[in-house]
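Notes follow the structure.
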Amino acid sequence: MNFMKNLTKSILALTLLLLISCNKNECNNNNPIFDNALPESAPYIAELAKVLQHEGNATQFYFDKLEDNDSVRLLYVDVIGDSLCAKAMLTVRKQDDKLDGIIKANGKGYSGAGLQDLKFDIVQDSAATVLIYESVGKIVD
């Protein structure tokens, strides 16, 4: 009887631990642009670039999905920071071994994976703002 009781407690504790470890931080947003505009729109991307330049290392990134559109590979990322809850669309222009697993699986099974030490460039001109993927330190699935 003790064995079953201990086994049940162990399974419950393990399940709780897995649920806690898989959850992203709660998202709270204070910027109406991220609530009202589409992530693909020019105002949304420009505002996100501005916020990311100021937020710096206080921002966390989580994989959402991967898309290939007309020879352009796009990495969609959930962006969470202090009073920030947004989606970023990063253009992947170069091969990166750290993304190989995500690319081979077409993103399947990686949703919500943490992207630690994500690096990207913000390229702005009068016509558009583009976020260019550079590298990721570690993918935590």
Side-chain angles (χ1 to χ4, degrees), residues 2-141:
N2 275 341
F3 173 75
M4 290 301 289
K5 189 175 181 180
N6 288 338
L7 181 61
T8 303
K9 285 181 181 178
S10 296
I11 291 172
L12 184 60
L14 182 60
T15 302
L16 185 60
L17 179 65
L18 286 172
L19 287 173
I20 291 170
S21 68
C22 290
N23 281 342
K24 296 184 272 188
N25 287 343
E26 190 172 320
C27 234
N28 295 310
N29 186 31
N30 290 339
N31 191 322
I33 291 177
F34 301 132
D35 290 331
N36 299 320
L38 295 174
E40 297 83 8
S41 71
Y44 188 105
I45 297 169
E47 182 68 15
L48 181 58
K50 185 172 79 174
V51 169
L52 289 173
Q53 287 171 333
H54 295 295
E55 288 275 329
N57 294 334
T59 308
Q60 296 177 346
F61 302 95
Y62 299 92
F63 176 80
D64 180 36
K65 65 182 178 176
L66 182 72
E67 285 186 0
D68 287 313
N69 297 327
D70 302 322
S71 74
V72 175
R73 179 166 284 147
L74 298 173
L75 181 67
Y76 288 83
V77 175
D78 293 325
V79 182
I80 300 174
D82 186 34
S83 302
L84 171 64
C85 186
K87 290 214 179 273
M89 188 173 59
L90 285 72
T91 301
V92 180
R93 291 187 175 167
K94 62 183 180 180
Q95 166 71 23
D96 183 355
D97 294 342
K98 298 241 172 111
L99 289 182
D100 280 349
I102 291 175
I103 292 169
K104 287 178 185 172
N106 198 29
K108 305 286 189 258
Y110 285 89
S111 183
L115 302 174
Q116 292 181 348
D117 199 26
L118 179 67
K119 304 284 185 208
F120 53 90
D121 286 330
I122 299 172
V123 179
Q124 294 177 300
D125 62 23
S126 60
T129 301
V130 181
L131 305 176
I132 308 295
Y133 170 86
E134 288 299 319
S135 66
V136 64
K138 185 177 182 181
I139 298 171
V140 181
D141 195 16

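Everything numeric here is computed off the predicted structure, so don't read it as measured data.
Scanning for ring-ring contact (aromatic ring centres under 6.0 Å, His included) contacts around Tyr133 gives an empty result, with sequence neighbours left out.
Residues Tyr62 and Gln60 approach most closely at OH-OE1, 2.9 Å, considering heavy atoms. The two atoms that bring Val136 and Gln116 nearest to each other are CG2-O, 3.4 Å, heavy atoms only. Closest approach of Met89 to Ile45, counting heavy atoms only: CE-CD1, 3.9 Å. Heavy-atom minimum distance, Lys50 versus His54: O-CD2, 3.0 Å. Taking all atoms of both residues into account, the shortest heavy-atom contact from Cys85 to Phe34 is O-CB, 3.8 Å. Nearest heavy-atom pair across Ala49 and Thr129 is CB-CG2, 3.7 Å.
Using a 4.5 Å heavy-atom cutoff, the side chains of Ile122 and Val130 are not in contact. Under the 4.5 Å side-chain criterion, counting only non-hydrogen atoms from C-beta, Leu115 is in contact with Ile139. Two residues are said to be in side-chain contact when any heavy atoms from C-beta on lie closer than 4.5 Å; Leu74 and Val92 fail this criterion. Put simply, the side chain of Leu84 does not reach to within 4.5 Å of the side chain of Asn31, judged on heavy atoms.
If you look at Phe61 and Phe120, their ring centroids are closer than 6.0 Å.
For the residue pair Asp100/Gln95, the side-chain donor-acceptor check at 3.5 Å is satisfied.
Between the side chain of Asn69 and the backbone N or O of Val72, no donor-acceptor pair lies under 3.5 Å. A side-chain donor-acceptor contact under 3.5 Å links Tyr44 to the backbone of Lys87. In this structure, the side chain of Lys98 engages the main chain of Gly137 through a donor-acceptor pair within 3.5 Å.
Using a 4.0 Å cut-off between charged nitrogen and carboxylate oxygen, Asp117 and Lys138 do not count as a salt-bridge pair.
Rounding to the nearest 0.5 angstrom, the gap separating the CD1 atom in Ile102 from the NZ atom in Lys108 is 12.5 Å. Considering CG of Leu99 and NZ of Lys104, their distance stands at 12.0 Å, rounded to 0.5 Å. The distance from the OG1 atom of Thr59 to the CG atom of Leu52 is 5.5 Å, given to the nearest 0.5 Å. The structure places CG of Asp64 at 4.5 Å from CG of Asp78, a figure rounded to the nearest 0.5 Å.
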For this session: Assess whether side-chain contact (heavy atoms from CB on, under 4.5 Å) is satisfied between Asn29 and Asp35, documenting all intermediate values.
Result: CA-CA 8 Å; Asn29 186 31; Asp35 290 331; 3.0 Å; yes
Problem set entry | Asp121/Leu131 under side-chain contact (heavy atoms from CB on, under 4.5 Å): CA gap, chis, key distance, verdict | CA-CA 6 Å; Asp121 286 330; Leu131 305 176; over 6 Å; no
Exercise. After noting the C-alpha distance and the side-chain angles of Phe63 and Val77, does the key distance pass the side-chain contact (heavy atoms from CB on, under 4.5 Å) rule?
Worked result: CA-CA 5 Å; Phe63 176 80; Val77 175; 5.7 Å; no
Exercise. Where do Arg73 and Ile103 land on the side-chain contact (heavy atoms from CB on, under 4.5 Å) test, with the steps shown first?
Worked result: CA-CA 10 Å; Arg73 179 166 284 147; Ile103 292 169; 3.5 Å; yes
